[in-house]
Amino acid sequence: MARGKNFFPMQRGEKIALSVLIVFAAASFLPIARSVEVAGMLLFGWLMAALMLLSPILTLWVFWRGRPRN
Amino acid sequence: MLVEQILVLLYLAACIGIGVYASRKVLTSRDEYWVAGRRIGTAVNTMAIMASLASGGSIIGVMGYAYSQGIPATFALFAGAVVGFPLASILVARQLRNFGRYTITDFLAFRFPSPVVRVLVPILIVLAFTAYIIAQLKAAGITANALLGIPYDTALVVATLVFVTYVSIGGMIAITWTDVVQGVLMLLVVVGTALAVIWRAGSPFALVAQATEVAPELGGLANQEIGSAVGYFIIWATAIPVIPHIVMRVFTARDGRSAQLSLNLAMLVYSVMILAAVLAIVPLGKLAFPDLVDADRVFLRVIQSEFPAVVRGIAVAAVLAAVMSTTDALLLACSSAIAHDLLGDILRQRASDKTLAAIRVASAWLVGILALYWALSPPELLTRFYTAGIGLLSAGLFVPTIAGLWWKRANRAGGVASLVAGAGTYVLSLSGGVEFGLPPIVVSLSASALAMAAGGLLGAPETAEMQKQIAALHGEGPSGGP
């Protein structure tokens with residue numbers, strides 16, 4: 001099997017969305033997010049709240065833009 | 001309390017009515033019973049998925065947890081599940097919908113044909129979900145006892161009889177319809193309450209700032225270890241793409257795109273509900289009732305102090321709806337693991353449609369009665385075990401499912417090894433048998449991935465026919481599943 005062909009292909013938008021979500025989630029858990037306070041709450045809390053909205057909105061946007069594929 | 005009791009009785013009667021009505025068309029058809037004929041549209045599936053995830057914990061528990069442990073820890077706990085849905089929509093939704101069977105076991109047993117997979121996967125599901133159902137039943141009993149003054153045991157028996165009845169005779173169609181009603185009810189109550197609170201305060205940010213000034217612990221992480229927050233986040237993010245009651249919802253969608261959209265729309269609605277609860281109702285509760293001994297009562301105290309009896313009655317029904325909408329989906333998934341995954345192949349050769357229908361109904365009652373028995377005198381370890389149960393499913397099923405769909409080198413040896421290594425390492429790690437210094441879910445997912453890689457690289461490659469069939473699930477080549 002040729003190198004790079006070991007995986008079934010994923011649409012570009014889906015790959016980007018997946019990467020953004022993983023990086024965002026990992027960054028939220030960094031120590032700095034737990035030492036900064038914004039409006040009375042740790043930045044970590046605001047980032048988690050943002051992630052809860054960002055993740056479905058980002059993925060919906062990707063699906064609506066992408067071509068239907070069944 | 002009479003108004004509340006009448007409203008709850010009406011709600012329970014409506015659930016039974018839906019079950020009886022649905023039973024006319026579902027009892028003799030596998031497609032109708034397990035996956036609602038695969039014709040559920042995006043809007044209905046959105047509310048049904050949201051309601052299936054939003055358990056009693058998503059109303060009573062989330063606010064109690066935020067009140068006692070702080071808002072950031074609460075968001076960390078719930079964000080994992082929310083992120084899991086976009087992952088599911090990208091990694092498994094379209095492909096599994098194209099596969100077009102009934103359960104996650106069907107896919108794994110097709111992809112990695114082995115008796116180990118056919119038997120071990122449903123056993124893991126039954127173990128994990130029975131613990132989950134018991135925890136939900138306990139929540140229903142405690143809620144009804146606290147809010148309606150009904151004895152715990154009576155409340156437990158009534159709630160169990162109601163949802164086992166409509167699940168056993170109405171299958172997925174009854175669950176879908178009741179979940180939509182339950183989802184709308186809980187959304188209206190939680191978001192409506194939050195909007196009323198925000199209307200008076202001006203903005204949620206002003207409320208949070210006010211509350212954290214009086215109680216700074218609300219904006220901090222209290223005594224939470226970040227390791228456990230990471231562990232919970234990963235458990236839920238990786239469980240959602242493989243957890244059976246959510247995967248069954250994918251199979252009910254009318255097509256792959258509808259499945260993808262409804263998973264994400266459901267999470268958007270769910271996130272709005274959680275954010276509204278935690279950023280509006282909890283700060284008000286902290287300001288108005290700063291010394292609650294039982295933090296789980298914060299929502300009820302806010303409702304009692306701010307709203308009239310009719311709204312309180314609707315709120316009680318919403319809490320019960322949250323409990324029942326998750327429990328019914330868990331019960332159907334659990335009975336499918338018995339009647340379809342474990343016994344299906346044997347029975348289909350020998351039994352009539354009528355007998356098969358009776359077995360489907362009986363398996364739902366069997367699980368329901370066992371769960372009721374344990375919930376009446378719950379073993380402490382078991383009720384604490386339900387997040388661990390979800391972790392067990394994630395540890396065992398995540399890597400085989402994702403690799404089975406995406407990695408061309410994934411083969412039977414890798415699939416079986418990955419399933420056994422993931423579940424086995426999780427149990428060992430959780431029981432303290434082996435100490436790795438990392439959250440058990442991280443250790444077990446790594447072990448599962450290593451086993452898959454070893455099996456795939458060292459074992460025989462998959463046949464061209466299997467490769468072709470998996471490519472078809474991705475929409476490459478001929479459409480439709482195997």
Side-chain angles (χ1 to χ4, degrees), chain A, chain B residues 70-76 78-80 82-83 85-87 89-91 94-95 97-98 205 208-213 216 218-221 226 229-230 233 237 255-257 260-261 263-268 270-272 274-275 278-279 405-409 461 470-471 473-476 479:
Chain A
M1 203 168 288
R3 191 176 163 80
K5 297 279 185 188
N6 279 333
F7 294 91
F8 289 98
M10 184 182 281
Q11 288 183 8
R12 189 163 165 267
E14 294 178 3
K15 245 187 259 181
I16 293 171
L18 207 54
S19 310
V20 169
L21 291 182
I22 291 168
V23 170
F24 193 114
S28 303
F29 280 99
L30 289 175
I32 187 164
R34 281 174 276 129
S35 56
V36 178
E37 208 172 88
V38 179
M41 188 161 78
L42 289 181
L43 177 62
F44 172 69
W46 292 116
L47 288 174
M48 283 286 133
L51 184 61
M52 288 174 74
L53 288 176
L54 170 80
S55 54
I57 290 173
L58 175 67
T59 326
L60 277 170
W61 183 68
V62 167
F63 289 139
W64 259 309
R65 279 187 71 244
R67 67 193 162 90
R69 201 174 69 157
N70 281 311
Chain B
I71 295 173
T74 310
F75 283 153
F78 283 80
V82 174
V83 169
F85 278 83
L87 293 187
S89 65
I90 292 173
L91 295 174
R94 189 181 64 237
Q95 296 79 3
R97 177 58 190 84
N98 288 345
F205 301 104
V208 172
Q210 244 181 303
T212 51
E213 207 175 298
L218 196 64
L221 270 170
I226 197 67
V230 172
F233 185 93
D255 57 43
R257 186 173 169 81
Q260 289 178 311
L261 291 177
L263 283 169
N264 286 287
L265 285 168
M267 272 319 91
L268 195 53
Y270 180 77
S271 294
V272 167
I274 297 292
L275 292 172
V278 174
L279 293 177
L405 283 169
W406 289 95
W407 193 37
K408 293 181 180 174
R409 293 298 303 254
I470 300 298
L473 300 185
H474 285 271
E476 298 172 8
S479 61

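Residue numbers begin at 1 in each chain, while the letters A, B, ... track the order of the sequences.
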Query raised in the report: Can you say whether B:L265 sits under 4.5 Å from chain A via the side chain, the backbone, both, or neither, judging by heavy atoms?
Result: both
Give every donor-acceptor pair under 3.5 Å between a side-chain atom in residues 50-59 of chain A and any protein atom, sequence neighbours left out.
residue	atom	partner	partner atom	Å
A:S55	OG	A:L51	O	2.9
A:T59	OG1	A:S55	O	2.6

Report summary line: On a heavy-atom basis, the closest approach of B:P86 and B:V83 is CD-O, 3.1 Å
Query - Value rounded to 0.5 Å, distance of CZ in B:F205 from CG in B:L279 - result: 7.5 Å
Query raised in the report: Can you tell if the side chain of B:L91 reaches within under 4.5 Å of the side chain of A:L18, non-hydrogen atoms only?
Result: yes
Report task. Answer with side chain, backbone, both or neither: which region of B:F85 has an atom nearer than 4.5 Å to a non-hydrogen atom of chain A? Result -> neither
**Report entry** Rounded distance (nearest 0.5 Å) linking atom NE2 of B:H474 with atom CG of B:N98
**Finding:** 9.5 Å
Query - B:R97 side-chain N/O to B:R257 backbone N/O, donor-acceptor pair under 3.5 Å - result: no
Report summary line: Scored by heavy-atom pairs under 4.5 Å with chain A, the best of B:A211, B:S271, B:A237, B:P216 is B:S271
Query raised in the report: Where does B:F233 contact chain A at under 4.5 Å (heavy atoms): side chain, backbone, both or neither?
Result: side chain
Requested in this report: Could you tell me which non-hydrogen atom of A:K15 sits nearest to which non-hydrogen atom of A:M10, and how far apart they are?
Outcome: CE-O, 3.5 Å
**Report entry** A:A39 portion near chain B, given a 4.5 angstrom heavy-atom threshold
**Finding:** backbone
Report task. Output the residues of residues 24-37 of chain A for which the shortest heavy-atom distance to chain B is under 4.5 Å, in residue-number order; output 'none' if no such residue exists. Result -> A:A25, A:F29, A:R34
**Report entry** Gap separating the CE atom of A:M41 from the CE atom of A:M48, nearest 0.5 angstrom
**Finding:** 11.0 Å
Query raised in the report: Does any heavy atom of chain A fall under 4.5 Å from the side chain of B:L275, the backbone, both, or neither of them?
Result: side chain
Query raised in the report: Most heavy-atom pairs under 4.5 angstrom with chain A, which of B:V208, B:V230, B:V278?
Result: B:V230
Query raised in the report: What are the two closest heavy atoms between A:V62 and A:A17, and how far apart are they?
Result: CG2-CB, 3.9 Å
